[in-house]
Amino acid sequence: MQVIFDTTRLDVMRAKAGFLTVDQLLERFGDNLLLDPFSILISEGVSLGNGNILHPGVRICARTGSRVVLGSGNTLFSGTVIEAADGNITVGDHNEIGDGGFSARASRPGAEITIGSNGRYQGGASILGRSVLGAGTQL
């Protein structure tokens, strides 16, 4: 027996909060592994490369005028928050992010966060404001 879940009410709430609907997530980011699209929140202004793995409870948002660019082959664990409110965030490729929590917030005018490739950001690490983390960085 096939069970069909009507996401209409969920989609209305997601849209009011500025996030994509479940169907929009699956359409736009189908080249990535979204382990639980019902608990993953991504807004407009976010672009993802290919082959990323997003675990349940990941939130990536870019407020009006800001953007988040995530490269390819990254793993984002539960508890990862990447938020560009008044600046931009760029993440390279093949990073492990959020095992034990992680947040990156560009929340001041002109704030730019750049995270290179092949890094590990775990255990509650937080990055705020203008920051550049080179390839292979571990926090």
Side-chain angles (χ1 to χ4, degrees):
M1 174 166 103
Q2 182 178 358
V3 176
I4 297 175
F5 182 76
D6 182 3
T7 62
T8 304
R9 288 179 56 201
L10 175 64
D11 289 340
V12 167
M13 289 185 277
R14 292 170 73 99
K16 278 185 182 180
F19 294 104
L20 300 173
T21 68
V22 173
D23 285 339
Q24 288 172 326
L25 282 179
L26 296 173
E27 288 170 15
R28 290 187 191 184
F29 305 122
D31 292 337
N32 296 279
L33 184 56
L34 308 176
L35 295 177
D36 180 6
F38 294 99
S39 72
I40 295 169
L41 298 171
I42 300 177
S43 73
E44 292 285 349
V46 173
S47 64
L48 302 180
N50 299 312
N52 293 296
I53 301 171
L54 278 66
H55 287 259
V58 168
R59 180 167 52 99
I60 308 172
C61 59
R63 301 297 174 207
T64 303
S66 296
R67 65 176 164 54
V68 174
V69 177
L70 185 74
S72 297
N74 295 291
T75 300
L76 279 63
F77 293 96
S78 299
T80 297
V81 175
I82 300 174
E83 181 176 17
D86 286 315
N88 301 308
I89 299 176
T90 303
V91 178
D93 303 320
H94 305 291
N95 292 289
E96 292 181 20
I97 300 174
D99 189 11
F102 172 81
S103 66
R105 289 187 168 93
S107 56
R108 289 181 283 190
E112 299 283 331
I113 296 175
T114 302
I115 298 173
S117 298
N118 301 304
R120 287 189 294 185
Y121 309 94
Q122 305 170 344
S126 289
I127 302 168
L128 303 169
R130 186 174 296 271
S131 301
V132 177
L133 302 173
T137 302
Q138 298 185 44
L139 293 178

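Remember, it's a predicted structure, so these values are computed and weren't measured experimentally.
- Between the side chain of Arg130 and the backbone N or O of Gly110 there is at least one donor-acceptor pair closer than 3.5 Å.
- A salt bridge does not link Arg67 to Glu44: none of the charged side-chain nitrogens sits closer than 4.0 Å to a carboxylate oxygen.
- Side chains of Leu128 and Ile113 form no contact here, defined as non-hydrogen atoms less than 4.5 Å apart.
- Using a 4.5 Å heavy-atom threshold, the side chains of Asp86 and Arg108 count as separate.
- Side-chain contact between Val68 and Thr90 is absent, with no heavy atoms from C-beta onward closer than 4.5 Å.
- Judged by distance alone, the side chain of Thr21 and the main-chain N or O of Gln24 form a donor-acceptor pair under 3.5 Å.
- With values rounded to the nearest 0.5 angstrom, Met13 atom CE is found 13.5 Å from Phe19 atom CZ.
- Ring planes of Tyr121 and Phe102: tilted class, angle from 30 to 60°.
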Begin with the C-alpha distance, continue with both residues' side-chain angles, and end with the deciding distance and a verdict on side-chain hydrogen bond (donor to acceptor under 3.5 Å, both in side chains) for Ser126 and Ser103.
CA-CA 5 Å; Ser126 289; Ser103 66; 3.0 Å; yes
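- Taken from OG in Ser39 to CG in Leu54, the straight-line distance is 9.5 Å, to the nearest 0.5 Å.
- Connection of Leu35 to Ile42 is not established within any shared hydrophobic cluster, with ILVMFWY side chains joined at heavy-atom distances below 4.5 Å, either directly or through further cluster members.
- For Ser66 (side chain) and Gly87 (main-chain N/O), a donor-acceptor pair under 3.5 Å exists by modelled atom type.
- Leu26 and Val58 end up in the same hydrophobic cluster when Ile, Leu, Val, Met, Phe, Trp and Tyr side chains are linked at under 4.5 Å.
- In the hydrophobic clustering of ILVMFWY residues, with side-chain heavy atoms under 4.5 Å counting as a link, Val69 and Ile60 come out apart.
- Rounded to the nearest 0.5 angstrom, Arg120 CZ and Asp99 CG are separated by 10.0 Å.
- Atom CD of Glu96 sits about 10.0 Å away from atom CG of Asn74, to the nearest 0.5 Å.
- Across all their heavy atoms, Phe29 and Val46 have their closest contact at CZ-O, 3.7 Å.
- In this structure a side-chain-to-backbone donor-acceptor pair under 3.5 Å is missing from Asn32 to Ile53.
- At distances below 3.5 Å, not a single donor-acceptor pair connects side-chain atoms of Thr114 with backbone N or O atoms of Val132.
- No donor-acceptor distance shorter than 3.5 angstrom exists from the side chain of Ser72 to the backbone of Gly49, with no hydrogens or angles considered.
- Between Val22 and Asp11, the shortest heavy-atom contact is N-OD1, 3.3 Å.
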Hey, mind stepping through Leu139 and Gln122 against side-chain contact (heavy atoms from CB on, under 4.5 Å) and telling me if it holds?
CA-CA 6 Å; Leu139 293 178; Gln122 305 170 344; over 6 Å; no
Stepwise, does the side-chain hydrogen bond (donor to acceptor under 3.5 Å, both in side chains) test hold for Thr8 with Asp6?
CA-CA 6 Å; Thr8 304; Asp6 182 3; 2.5 Å; yes
Evaluate Thr75 against His55 for side-chain contact (heavy atoms from CB on, under 4.5 Å), listing each step before the verdict.
CA-CA 8 Å; Thr75 300; His55 287 259; 3.9 Å; yes
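- Rounding to the nearest 0.5 angstrom, the gap separating the CG atom in Leu76 from the CG atom in Asn52 is 7.0 Å.
- In the hydrophobic cluster analysis, where Ile, Leu, Val, Met, Phe, Trp and Tyr join through side-chain heavy atoms closer than 4.5 angstrom, Phe77 is grouped apart from Leu133.
- Annotation for Ile82 and Ile89: closest pair CG2-CD1, 3.7 Å, computed over non-hydrogen atoms.
- Residues Leu20 and Arg14 share a closest heavy-atom pair of O-NE, 2.9 Å.
- Atom CD1 of Ile115 and atom CG of Asn95 lie 7.0 Å apart (nearest 0.5 Å).
- Closest approach of Ser78 to Pro56, counting heavy atoms only: OG-O, 2.5 Å.
- Minimum interatomic distance between Pro37 and Leu34 (heavy atoms only, all atoms of both residues): CD-O, 3.5 Å.
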